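Every value quoted in this text rests on a predicted model; they were computed, and no experiment measured them.
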2 protein chains.
Amino acid sequence: MKAVVVRHAGGPEVLEYTDVKTPKVRPGWSLVQVKGFGINHSEIFTREGQSPSVKFPRILGIECVGVVFESTSDDLKVGQKVISIMGEMGRAFNGSYAEYVLLPNEQIYPVETKLAWKDLAAVPETFYTAFGSLKYLNVAKDDSILIRSGASGVGVSALRLLKAKYPEIKVTGSVRKMSKAETLFDNGYDAVVEDQKGKLITSKKFDKILELVGPATLKDSFKHVLNGGIVCSTGELGGQWNMDGFEPIGDIPNGTYLTSFSSGEVDAQKLNEMLTYIEKYHVPVAPTKVYSLSQVKEAHEYLESGHNIGKVVVVL
Amino acid sequence: MKAVVVRHAGGPEVLEYTDVKTPKVRPGWSLVQVKGFGINHSEIFTREGQSPSVKFPRILGIECVGVVFESTSDDLKVGQKVISIMGEMGRAFNGSYAEYVLLPNEQIYPVETKLAWKDLAAVPETFYTAFGSLKYLNVAKDDSILIRSGASGVGVSALRLLKAKYPEIKVTGSVRKMSKAETLFDNGYDAVVEDQKGKLITSKKFDKILELVGPATLKDSFKHVLNGGIVCSTGELGGQWNMDGFEPIGDIPNGTYLTSFSSGEVDAQKLNEMLTYIEKYHVPVAPTKVYSLSQVKEAHEYLESGHNIGKVVVVL
């Protein structure tokens, strides 16, 4: 089969499009024919050698969409449309940058959808994270919403999910550089606020806050949540994973709520709920760039250029 | 008027029942005729000289129930039944251990209730804290409930509020010493679990957890909350006010919620909502001991003996 193999850490040039042996099924693992996948920053880090646990040579790729090709499980019929995300694919074992990928049965999720492969390939991880977070935020149509880190992939996905279902809902996005404000308005945000050194430059408060910067700005977010409101801590874009001196009484005002979402816990039901939602409300999920398997190098180069907003995918 | 004055820090013997001048109203302050008040541990600390900001001589007492006697506010009619809690009463200025107390208008809350003075005197602070926390926990009749520190005053009040409205609701109380289990069952708990060095000795999970120990055990409480469940951090009985290394993703499982309650923010509407609830559901609020103003010394001695469960009040 064709695959993209990395034999040692390096720049995009180490992504070698080549012929390798098609993997053979073994008990507990099934073979998926890859139809598409998104390109993720985490794969760039791995390629550069920043994931110490990853041994080369390795086929990268932490997510994919495709069909079951050879199965070892009664729950996975050959030809079944599936999504796989999370787990150790593309790290501890070979991933999705290939025509076929051998995966543990428990991380192969059957899905029902009419989306084209290129659109479906743009959905896992980013939209799933946004969808799961919005679910925990228990959004109602009259809510005022703040997406902290409005320009991020998850942020833009959340905005699209919200606007598709509730066209009138008011969504504010925060940015660290106000030069990005125009881009946020173009993407559909109703208002933009500056996030200056971890402080939002506004006195406004919101019903629901999707906190994608993470622990670095969480306390500040709670200064901007209305009574009865919820903050969902989902991202760690701020590069800080935890907080010292956290004081529930004081940092979480009376009658406001903190929850969190981590895409580490995936379930097929929630994935299908998301796909139903995307089709029902015609959520625009189309990727901004589509490459072929032989162009993974170019896809990495494009993502690294930093010009991208939205999702970059590969379709086979 | 008669009052209980503390002229210098010390044991119960420094509580001097004596005659003092009745305070005179001044702009922004009104005079309340005291009908009763609860005795609190914080007053014992103050009496012992453990509140450095309190200057003696001082009339102690951080809460009271009574009627408006002389008013400087259109919102406070003479004869109006009122509750006062929080603020700096009994600390920065003279408090409720007296026949009359002069209070800032903004901390005098008009209330409507048919409760006897001795019962009403048992309500402020403890029941208000329990009631406010349960509100934020959004309790439904099918919820499984854990009260962490089941023997505490707020814990027992919360249990009574719950059982009065939902006789069938299952409430578990935690205790550090299982020798207290019998007392908890006697008070109406359905189950008792041991809280051993900050870990609950059970694999059970609950819909709603009232966390009265505080930051010291909060992470452990989140190991015992069901999906969609809420933990309300209310107390700091564990003597720890904040947490280091708190990691929202990880410490707060997907789709569970942390909220907090602090009785620092009082409002008349919520106080009246609580009184309506207490009357409607016949919540047993009667104090365990009733003293007169001349017996405040005995009341402190009793509270210090540590035998008490429930509220000790003084009625005038």
>> Using the side chain to side chain contact (heavy atoms under 4.5 Å, CB included) criterion, which residues pair with B:Ala158? Sequence neighbours excluded.
In response: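 Testing B:Ala158 for side chain to side chain contact (heavy atoms under 4.5 Å, CB included), a comparison that skips the adjacent residues, returns B:Ala130, B:Leu134, B:Ile147, B:Leu210.
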Pull every donor-acceptor pair under 3.5 angstrom between chain A and chain B and give the atom names with distances.
| unit_1 | atom_1 | unit_2 | atom_2 | d |
| --- | --- | --- | --- | --- |
| A:Tyr136 | O | B:Tyr257 | OH | 2.3 |
| A:Met243 | N | B:Phe246 | O | 2.7 |
| A:Met243 | O | B:Gly245 | N | 3.0 |
| A:Met243 | O | B:Phe246 | N | 2.8 |
| A:Asp244 | OD1 | B:Gly245 | N | 2.7 |
| A:Gly245 | N | B:Met243 | O | 3.0 |
| A:Gly245 | N | B:Asp244 | OD1 | 2.7 |
| A:Phe246 | N | B:Met243 | O | 2.8 |
| A:Phe246 | O | B:Met243 | N | 2.7 |
| A:Ile252 | O | B:Ser260 | OG | 2.6 |
| A:Asn254 | OD1 | B:Ser262 | N | 2.7 |
| A:Asn254 | ND2 | B:Ser262 | O | 3.0 |
| A:Gly255 | N | B:Ser260 | O | 3.4 |
| A:Thr256 | O | B:Thr259 | OG1 | 2.6 |
| A:Tyr257 | OH | B:Tyr136 | O | 2.3 |
| A:Leu258 | N | B:Leu258 | O | 2.8 |
| A:Leu258 | O | B:Leu258 | N | 2.8 |
| A:Thr259 | OG1 | B:Thr256 | O | 2.6 |
| A:Ser260 | O | B:Gly255 | N | 3.4 |
| A:Ser260 | OG | B:Ile252 | O | 2.7 |
| A:Ser262 | N | B:Asn254 | OD1 | 2.7 |
| A:Ser262 | O | B:Asn254 | ND2 | 2.9 |

> Residues two or more places apart in sequence or in another chain: which of them pass ring-ring contact (aromatic ring centres under 6.0 Å, His included) with A:Phe246?
Replying inline: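 Result, ring-ring contact (aromatic ring centres under 6.0 Å, His included) vs A:Phe246: B:Phe246.
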> How would you list, by chain and number, every residue that makes a ring-ring contact (aromatic ring centres under 6.0 Å, His included) with A:Phe93, sequence neighbours excluded?
Replying inline: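 Residues passing ring-ring contact (aromatic ring centres under 6.0 Å, His included) with A:Phe93: A:Trp29.
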